[in-house]
Each structure stands twice: as structure tokens, then as C-alpha cells.
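Report on the structure given below.
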Amino acid sequence: MLIDNKKGDSMKLYEYQAKQVFSSYGIKIPNGRVAFSPEDVDEVAKEIGSQEVVLKSQVLVGGRGKAGGIVMANAGDSASKSRELFGKDIKGFKVERILVEERLDIAKEMYVGITLDREKKGIVILVSSVGGMDIEEIAAKYPDKIGKKTVNPVWSLWDYQVRELLYEAGIPKEHFRDVFAIIKKLYNIFIRYEAELTEINPLVITSDGKLYAADGRLNIDDNALYRQKEMAELRELTGSELERAAESKGINYVKLDGNIGVIANGAGMSMATMDLIYLEGGKPANFLDIGGGASSDLVKASMELIIKDPNVKVVFVNIFGGITRCDLVAEGLVKAFSEIEMDIPVVLRLAGTNEEEGRRIIENYMEKNPNKLFLVKTMEEGAKKAVELGGV
Ligand code: GDP
Ligand code: MN
């Protein structure tokens with residue numbers, strides 16, 4: 001990932017989905033398809049008809065190669081090797097689908113990436129003749145091996161800019177024509193699908209001189225999804241199970257890799273809560289914003305969702321009631337505790353609208369059920385308590 005777009009608000013496509021888009025624009029991709037079970041893997045390997053295949057775990061994170069998510073196999077042992085890969089954790093993501101592809105005979109790995117440059121108010125294109133898994137180190141060590149151009153979206157991408165990129169990146173002359181075409185196509189994809197980022201790393205030259213997109217990333221601007229119907233439909237297939245469950249209930253849930261579950265109202269409160277947890281030396285397991293005016297049912301649903309994540313050791317509920325009523329939040333929590341089985345401690349801070357009623361409901365509950373709930377006064381105190389209760 002030479003370009004790391006950490007913004008949460010883009011819809012990421014899986015590699016196999018991105019490659020389908022690339023292919024529809026005439027960029028060559030390796031022969032293969034996605035599989036959901038070892039039997040399926042075996043079938044694809046047979047369909048491909050090539051002895052040597054690659055098993056690529058489809059998880060929405062970069063650097064799979066170094067994390068053991070890319071496995072070389074033969075048509076004969078692909079099913080058994082995929083058995084080890086299915087269910088494996090790759091950088092916090094469980095492998096549920098595997099892209100099975102013919103194995104390319106790689107002579108050279110190059111790089112093409114396109115993203116938005118907010119500072120320059122343009123689209124930036126990066127090209128390098130040395131791509132692959134070590135692209136970050138290469139970029140840091142040899143900045144002169146990277147070609148970079150900012151495109152004014154009003155004028156679009158000029159051919160001369162693409163030619164300059166080819167020279168700057170040191171692309172071998174005999175591949176100028178092919179790489180030129182790929183850059184233009186990738187740019188057209190970026191514009192057509194209102195992407196925030198697209199990347200081919202590695203862009204491979206095979207030993208017989210052909211070019212393939214051996215990997216692919218395509219992230220679509222969330223705010224454009226109402227126009228990008230095709231992409232919006234893919235979303236069904238991209239989010240994790242939990243994220244999809246949350247979306248269907250209208251809960252804004254993003255999984256992170258720590259172990260303190262966070263429920264807060266409003267994006268600002270959620271972020272401030274996460275910051276405090278980090279300050280205390282802990283790590284949030286998620287970002288869950290119940291928004292303004294949440295009902296008790298929504299609060300209960302949020303709690304149900306959060307404890308489905310096995311990493312969660314403690315939940316911190318941080319509510320500052322404006323439109324949101326503390327008493328309704330309290331009711332939702334009590335409902336959650338009584339109706340769902342959970343033995344995870346919960347730290348609760350309630351302030352603002354109907355705070356008194358909210359605290360009373362909670363205190364009543366606590367009299368009968370001690371040890372499960374910790375009512376705190378301030379969010380700082382709450383963050384500290386959550387970290388103390390095992391959230392490190
Ligand atoms: P990433 O680590 O998540 O970016 O996954 P990639 O799809 O980029 O794969 C990582 C590395 O695996 C590539 O840089 C290649 O070196 C290697 N690889 C992927 N596909 C093939 C293939 O078909 N043949 C060979 N020989 N290597 C491959
Ligand atoms: Mn890659």
C-alpha cells in the first residue's frame with residue numbers, strides 16, 4: 001500500500017471484485033474466480049486447468065502476502081491448503097473467501113496507483129517500475145523510482161502526462177505502450193466509479209512479456225453510492241457480517257482491532273471516547289455511534305452487536321444526552337442485560353437530558369445485580385475504568 005487512505009468513509013471492494021471491474025475495462029487479469037469452500041477451491045483449480053495456482057485470501061486489508069494470506073498451491077493440493085487458509089485470521093480479518101487463480105510466471109513487478117490529493121485539489125497518479133510487497137520501502141529509499149503527477153480533474157489526464165510518468169518511473173521501453181494503456185484505463189475507472197483510491201500492485205510482466213493486474217484495490221466514495229448503484233449492490237457482499245447486521249438496523253458500526261467496545265452518541269462523542277481510551281493506554285474494539293435520539297431498542301441492539309465480537313472484554317457506554325434521553329439509554333441497557341446472556345463488564349457514563357432518571361434506573365438495576373455495571377461520573381473516569389477492567 002503505497003497509498004494509504006485511512007479514511008473510514010469509503011466502500012472497499014474485494015480484490016476479486018476490483019479485478020472484475022479492471023477486466024471490464026480491458027486490463028488483463030489472471031484466470032480464476034472466488035471460492036467459498038475447499039470443495040469450491042478444488043473445482044476452480046480444475047476449471048483453470050493450470051497445474052500451479054495461487055490461493056489468495058480475500059480480506060479488506062493490504063499486506064496479505066507478508067501476513068501469510070497468499071499461498072502457492074498445485075491443482076492437486078489446493079483444497080487441502082485452502083482448508084488451512086479458511087477461517088485463518090489475517091490482520092484481524094477472518095478468511096471466508098479465497099480467490100483461486102492461475103499462477104503467473106512473474107518476471108517483473110511494477111506499480112500503478114491513483115488517489116485524491118486533497119491538498120493539491122487534484123487526482124494524483126503514482127507509477128513505479130519496481131512494485132510488489134516492498135513498495136513502501138522502495139518509495140522511501142528510492143523516491144526517484146516513483147513517477148508522480150497531479151491531474152486537474154477539469155482538464156482530465158493528458159497523454160503527455162502519462163508519457164512523462166512512464167519515463168519518470170523507469171518503465172522498460174518495450175512496455176511503454178501497454179503500461180500507457182493501463183494507466184489510462186485505470187484513470188477512467190477511477191472517474192467512472194467515483195473512486196477515492198485504486199491501485200494495481202503488483203502490475204506484473206510475465207516471462208513471456210504479458211502484463212497482468214496481479215492484485216487490485218478499488219475504494220469508492222461512500223457519498224457517491226446513491227449514484228453508483230452497481231457498486232452499492234456489491235456492498236452487500238463486502239462488509240463483515242457484523243457491519244452488515246449493524247447497517248440493517250441503522251447503527252453506524254466500524255470494527256477496530258482493540259478490545260474495548262464503545263457505544264456513544266454522535267460521531268464527535270465516539271471519537272472523543274476513543275481518544276480517551278488511547279490516552280489511558282487502551283484500544284477500542286469498535287466505533288459504534290447510536291446517533292441522536294436513540295430508542296431503548298437501538299441501545300439494546302447495539303449491545304447485542306458489540307458482544308458478538310469475541311475480542312471485546314469490556315464495553316464503555318458514553319452518553320451525553322442532548323436529543324438522546326439518558327433514561328431511554330438506561331432502559332435499553334437494562335433490557336439488554338436482562339434479555340441477552342452477557343458476562344462482560346460495562347462501564348457507563350450518563351450525562352445530560354434526563355440524567356437523573358437514567359441514573360436511577362441503572363442504580364435500581366445495580367442493587368439487584370452488582371459487579372456487572374460501573375456507573376461513572378466523567379468520561380475520563382470511564383475510560384480509565386474500562387482500561388482497568390481488561391481493556392488493554
Ligand atoms: P498483498 O500482499 O495483499 O498486496 O497481496 P498481492 O496480491 O499483492 O500478493 C503478494 C505477492 O504474492 C505479490 O507481490 C507476488 O510476489 C506474489 N504473487 C501473487 N500472485 C502471484 C502469482 O500468480 N505468481 C507468483 N509467482 N507470485 C504471485
Ligand atoms: Mn498487492
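Basis for what follows: all heavy atoms, side chains included, without hydrogens, waters or symmetry-related copies. Whatever order the structure lists them in is the order used to number ligands and atoms, beginning at 1. Numbers here are sequence positions counted from 1.
- At least one N or O atom of K56, backbone or side chain, sits closer than 3.5 Å to an N or O atom of ligand 1.
- No side-chain donor-acceptor contact under 3.5 Å links K384 to the backbone of L276.
- Listed by chain and number, the residues in a ring-ring contact (aromatic ring centres under 6.0 Å, His included) with F86 amount to none (sequence neighbours excluded).
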List the steps, then state whether side chain to side chain donor-acceptor pair (under 3.5 Å) holds for N318 with T273. CA-CA 7 Å; N318 187 13; T273 310; 3.0 Å; yes
Would you mind writing out the side-chain donor-acceptor pairs for residues 338-346 within the sub-3.5 Å range, not counting sequence neighbours?
residue: S338; atom: OG; partner: V334; partner atom: O; Å: 2.4
residue: E339; atom: OE1; partner: K300; partner atom: NZ; Å: 2.8

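- Ion pair K210/D178 not flagged as a salt bridge, since none of the NZ, NE, NH1 or NH2 atoms sits closer than 4.0 Å to an Asp/Glu carboxylate oxygen.
- At a cut-off of 2.8 Å, measuring from the Mn ion (ligand 2), the protein N, O or S atoms that fall short of it are N201 O, D215 OD2, waters left aside.
- Checked for salt-bridge contact, D327 and R360 miss the test: no charged N lies under 4.0 Å from a carboxylate O.
- A salt bridge links E388 and K385; the closest N-O separation between the charged side-chain nitrogens and carboxylate oxygens is under 4.0 Å.
- In this structure, G63 has a heavy atom closer than 4.0 Å to ligand 1.
- For the pair D42 and R83, the salt-bridge criterion is not met [side-chain N within less than 4.0 Å of a carboxylate O].
- The protein non-hydrogen atom at the shortest distance from atom 1 (P) of ligand 1 is R64 N, 3.6 Å.
- Within the listing of ligand 1, atoms 13 (C), 14 (O), 15 (C), 16 (O) sit less than 4.0 angstrom from a heavy atom of E109.
- In summary, E331 and R325 do not engage in a salt bridge, as defined by a charged side-chain N under 4.0 Å from a carboxylate O.
- Shortest contact from atom 12 (O) of ligand 1 to any protein heavy atom: I70 CG2, 4.0 Å.
- In terms of polar-atom proximity, defined here as any N/O pair under 3.5 Å, E15 makes no such contact with ligand 1.
- Under 4.0 Å from ligand 1, the heavy atoms of N201 that appear belong solely to its backbone.
- Among all protein heavy atoms, the one lying closest to atom 25 (C) of ligand 1 is I106 CD1, 3.4 Å.
- Minimum heavy-atom separation, L85 to G68: CD1-O, 3.8 Å.
- Every ring-ring contact (aromatic ring centres under 6.0 Å, His included) that Y167 has, sequence neighbours left out, goes to F176.
- Interface of M72 with ligand 1, defined as ligand atoms under 4.0 Å from a residue heavy atom, comprises 18 (N), 25 (C), 27 (N), 28 (C).
- Under 4.0 Å is where a charged nitrogen must lie from a carboxylate oxygen, and between E174 and K108 no such pair does.
- Taking all heavy atoms of I135, L104, I200 into account, the minimum distance to atom 23 (O) of ligand 1 is reached by L104.
- Close approach of ligand 1 to G65 (heavy-atom distance below 4.0 Å) involves ligand atoms 1 (P), 2 (O), 3 (O).
- Looking at D215 next to ligand 1, an N or O pair under 3.5 Å apart turns up.
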